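Here the structure is a predicted model, which means the values were calculated and not measured.
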Amino acid sequence: MTATTSYTVTRSVFAPMRDGVHLSADVWRPDTKEPVPAILFRTPYDRSAYNPDVLRPQQCVEAGFAAVVQDMRGRFGSGGEWRPLDWEQEAADSYDTIEWIAAQSWCSDSVGMSGLSYCGTVQLAASLTKPPHLKAIAPTMASSAEFDRVETGGALRLDLGVSWLLVTAIDWMLRRRAAGLADPESEALILRAVQDPRFLYAVRPLCEMPLFSIEGFPISFNELYAKLNAPTDRNGIDLHIPTLHIGGWYDFSHSTAVNLFKRQVAAANSHCHLVMGPWTHSGQLPQIQGQVNFGAMASGAASKLHELVLTFFRRYLKQETVQLPCVRYFLMNSGGWREDSAWPPKGSTARRMYLGMEGGVAALADSMPNHDLASDEYRYDPRDPTPTVGGRNLGVGRLSMGPIAQQALDHRSDMLRYTSRTFLDTLDIAGSVAATFWVSSSALDTDFIVKLIDVDETEVALPICEGALRLRYRSGFDRETPYTPGAVEPLEIRLGHVAWRVLPGHRLRVQIQSANFPHLDANPNLGDPLGSGVAVATATNKVFRDRIRASFIEFGVLG
């Protein structure tokens with residue numbers, strides 16, 4: 001890779017949008033007289049602070065690309081009004097910015113996009129408008145409502161939505177103050193909630209949180225969650241644009257990277273690639289995630305992730321002949337990365353383990369249960385919901401992300417646990433994970449949440465992956481299906497994708513609960529519209545495990 005040591009940064013360069021609004025950017029250019037391809041980063045988080053481990057502007061110019069880091073509409077140095085999750089507007093602004101960049105004398109007219117989280121999702125929206133000069137995108141930890149709803153089972157990502165909105169509200173608040181619209185009471189509320197939003201989650205109904213009553217606030221509660229649940233397009237991405245999907249196994253939006261990659265492959269796109277690391281949703285990608293050190297090669301820096309991204313852009317923006325893996329993934333607990341030509345990896349086969357009983361103890365076994373009638377039950381009280389302990393959430397508020405030991409829940413009775421025998425040999429899980437359970441509830445509506453857990457010799461129980469399903473969405477997320485209390489029905493709960501090594505001496509556990517609060521809103525059990533319930537009811541929830549109604553979890557394993 002040819003390195004450029006000299007470059008120029010021009011601050012606060014304004015690009016005009018079609019409606020006359022000007023958006024501010026910093027333009028990084030290598031010191032060369034020849035035009036070069038450009039990589040665009042669009043962010044709502046302040047362009048001057050943009051510095052993710054995946055790819056930095058300085059790394060772009062040192063590799064011979066120009067880099068443009070732009071504040072989105074209504075954010076920091078840019079004009080216009082901030083409207084959160086307005087993907088139609090973000091797509092239009094991306095299109096205009098890309099074409100503006102391509103028209104500059106220093107640009108070779110090939111433009112790519114990179115960025116993480118919101119900055120990744122905006123690339124998906126931009127691709128759908130098909131800007132003529134957009135040649136490739138590299139979305140990292142991007143989110144698509146279609147796959148997010150499967151992850152949450154139709155529940156609200158309560159903490160994620162509110163805590164993320166609060167972070168963006170700081171700049172909105174300062175802009176209001178600069179415009180002479182300061183409101184000390186509202187500012188005090190925002191600043192208190194930014195530090196710890198949990199007091200907001202006790203409000204009933206949730207849609208009446210005081211945050212959303214602030215005059216001029218850019219979005220309402222119902223608008224926020226409607227947009228989080230609204231797909232931007234049937235496909236979610238231009239199926240044919242060269243794409244490098246990057247995600248983390250503990251990222252709440254990990255399934256977007258995997259499933260959009262698979263969708264592009266199914267559309268005969270031979271120019272799409274997938275990288276999955278052991279990471280949570282963060283711009284920093286260290287080797288330590290949650291309470292686990294995955295080894296020296298697990299970090300973004302040690303794995304040379306930025307070099308892989310630049311290699312991708314060299315191929316598709318500079319048309320260089322370079323080697324690029326189709327799939328690269330980190331097998332957690334193995335200490336290393338693997339490459340493959342597909343996801344799930346070639347040779348992955350399905351393994352099914354059933355809920356049962358062995359010696360009077362709830363068990364997870366390879367064989368089907370032989371009981372004629374068998375079930376287990378627990379009580380779920382929305383007034384004391386099972387708390388979030390690690391997993392795939394967002395750590396902007398007060399939650400901890402990633403593999404966090406589940407022993408903090410040992411004292412609770414509002415869950416079921418089924419544990420396998422000790423594995424004598426290594427078991428490599430790689431692929432999708434799904435649970436099929438026969439269940440019933442005494443309530444009009446409730447949630448079933450499933451965690452697949454690794455239990456070591458010292459009883460440390462680390463979550464591998466998780467999934468949820470709100471009972472009203474058991475027939476699909478495009479409609480609500482009323483539930484008759486007491487009815488026994490089958491549910492399919494998807495736990496996403498994972499690559500995890502179960503070490504000899506460890507066991508697998510399936511943990512079933514009905515709340516994961518405040519990551520997800522606590523279901524009141526009464527079937528009210530999302531976020532509108534005031535009253536709650538305690539539910540008795542059952543899981544069946546007999547020969548007629550066998551409940552099981554299924555996952556891919558490597559031979």
Side-chain angles (χ1 to χ4, degrees), residues 150-151 247-252 254-255 257-259 261-262 274-280 289-290 292 294-295 297-298 327-355 363-367 390-392 402-406 417-437 449-457 460-468 492-512 551-559:
V150 175
E151 289 272 328
W249 295 128
Y250 282 102
D251 174 27
F252 63 80
H254 84 285
S255 62
V258 175
N259 288 320
F261 165 78
K262 290 169 67 67
L274 175 68
V275 175
M276 296 296 296
W279 310 307
T280 57
Q289 300 289 324
V292 177
F294 283 111
M297 297 308 298
V327 175
R328 188 168 193 255
Y329 68 95
F330 190 87
L331 179 62
M332 294 182 286
N333 286 341
S334 76
W337 293 84
R338 295 190 174 191
E339 294 183 359
D340 210 285
S341 60
W343 185 265
K346 297 287 187 181
S348 176
T349 58
R351 178 166 180 172
R352 185 176 290 185
M353 300 190 76
Y354 294 87
L355 309 188
L364 189 64
D366 289 308
S367 58
R392 294 167 174 160
I404 304 293
Q406 300 295 289
R417 289 172 168 171
Y418 301 85
T419 306
S420 74
R421 295 181 179 180
T422 300
F423 286 91
L424 301 179
D425 300 308
T426 295
L427 176 70
D428 288 340
I429 299 173
S432 62
V433 182
T436 299
F437 294 162
I449 295 163
V450 185
K451 296 181 180 181
L452 181 61
I453 294 170
D454 182 303
V455 185
D456 74 6
E457 302 93 334
V460 173
L462 297 175
I464 301 171
C465 55
E466 61 198 56
E492 182 183 16
I493 303 174
R494 301 179 197 176
L495 287 73
H497 301 260
V498 76
W500 179 278
R501 172 166 289 177
V502 181
L503 298 172
H506 289 215
R507 293 165 290 157
L508 283 176
R509 173 176 293 163
V510 168
Q511 181 170 296
I512 305 170
S551 294
F552 58 86
I553 192 164
E554 186 170 280
F555 45 84
V557 297
L558 300 177

Task: Side chain Gln289, main chain Trp279, donor-acceptor under 3.5 Å - done: no
TODO: Identify the two heavy atoms, one from Leu355 and one from Leu364, that lie closest to each other, and give their separation to 0.1 Å.
DONE: CD2-CD1, 3.9 Å
Task: Interatomic spacing from CD in Glu151 to SG in Cys465 - rounded to 0.5 Å - done: 9.5 Å
Open item on the list: For the backbone of His497 and the side chain of His254, can you confirm whether one donor and one acceptor N or O come within less than 3.5 Å of each other?
Closed with: yes
Task: salt bridge (Lys or Arg N to Asp or Glu O under 4.0 Å) partners for Asp456, two or more places apart - done: none
Task: From Gln511 atom CD to Arg417 atom CZ, the distance as rounded to the nearest 0.5 Å - done: 4.5 Å
- [ ] Assign the ring pair Trp343 / Trp249 to parallel, tilted or perpendicular, where the plane angle (0 to 90°) is split at 30° and 60°.
- [x] tilted
- [ ] Could you tell me the separation between the CG atom of Leu508 and the OH atom of Tyr418, rounded to the nearest 0.5 Å?
- [x] 16.0 Å
- [ ] First locate atom OG of Ser432, then atom CZ of Arg494, and finally report the distance between them rounded to the nearest 0.5 Å.
- [x] 9.0 Å
TODO: Check whether any side-chain heavy atom of Asp366 sits under 4.5 Å from a side-chain heavy atom of Arg351, and report yes or no.
DONE: yes
- [ ] Might you point out which heavy atoms bring Gly402 and Pro463 nearest each other, and give the distance in Å?
- [x] O-CG, 4.1 Å
Open item on the list: Could you check whether any side-chain N or O of Asn333 sits under 3.5 Å from a backbone N or O of Arg501, counting only pairs where one atom can act as donor and the other as acceptor?
Closed with: yes
TODO: Using modelled atom types only, decide if a donor and an acceptor are shared between the side chain of Gln406 and the backbone of Ile404 within a distance under 3.5 Å.
DONE: yes
Open item on the list: With heavy-atom distances below 4.5 Å as the criterion, would you say the side chains of Leu558 and Ser348 are in contact?
Closed with: yes
Open item on the list: Measuring only between side-chain heavy atoms, which start at C-beta, is Leu452 closer than 4.5 Å to Trp500?
Closed with: no
- [ ] List in chain and number order the residues that pass ring-ring contact (aromatic ring centres under 6.0 Å, His included) with Phe261, two or more places apart in sequence or in another chain; answer none if no residue qualifies.
- [x] none
Task: Min side-chain heavy-atom separation Val433-Ile464 under 4.5 Å - done: no
Open item on the list: Less than 4.5 Å apart, side chain to side chain, heavy atoms only: is that true for Met332 and Val498?
Closed with: yes
Open item on the list: Between the side chains of Glu554 and Arg352, is the shortest nitrogen-to-carboxylate-oxygen separation below 4.0 Å, so that they form an ion pair?
Closed with: yes
Task: Exam field: side chain Arg338 to backbone Val327, donor-acceptor pair closer than 3.5 Å - done: no
Open item on the list: Which heavy atom of Ile449 sits nearest to which heavy atom of Ala468, and what is that distance?
Closed with: CG1-CB, 3.7 Å
- [ ] Write down the atom of Val455, the atom of Ala461, and the distance for their closest heavy-atom approach.
- [x] CG2-CB, 4.1 Å
- [ ] Go through the steps to decide whether Phe423 and Asp454 satisfy the test side chain to side chain contact (heavy atoms under 4.5 Å, CB included), and finish with yes or no.
- [x] CA-CA 11 Å; Phe423 286 91; Asp454 182 303; over 6 Å; no
TODO: Determine yes or no for a side-chain-to-main-chain donor-acceptor pair under 3.5 angstrom, with Ser255 supplying the side chain and Gly496 the backbone.
DONE: no
- [ ] Write down the atom of Pro345, the atom of Asp340, and the distance for their closest heavy-atom approach.
- [x] CB-OD2, 3.4 Å
Open item on the list: Could you tell me if the side chain of Ser420 sits less than 4.5 Å from the side chain of His506, heavy atoms only?
Closed with: no
Open item on the list: Going by the rule side-chain contact (heavy atoms from CB on, under 4.5 Å), which residues pair with Val292 if we only count those two or more places apart in sequence or in a different chain?
Closed with: Phe294, Pro403, Leu462
Task: Nearest heavy-atom neighbours spanning Tyr329 and Ala499 - done: CD1-CB, 3.7 Å
Task: Separation between OG1 of Thr426 and CG of Leu503, rounded to the nearest 0.5 Å - done: 6.0 Å
Open item on the list: Whether the Thr419 and Arg509 side chains hold a donor-acceptor pair (N or O, under 3.5 Å, no angle test) is what I'd like checked.
Closed with: yes
Open item on the list: Rounded at 0.5 Å granularity, tell me how far OG1 in Thr280 sits from CZ in Phe252.
Closed with: 10.5 Å
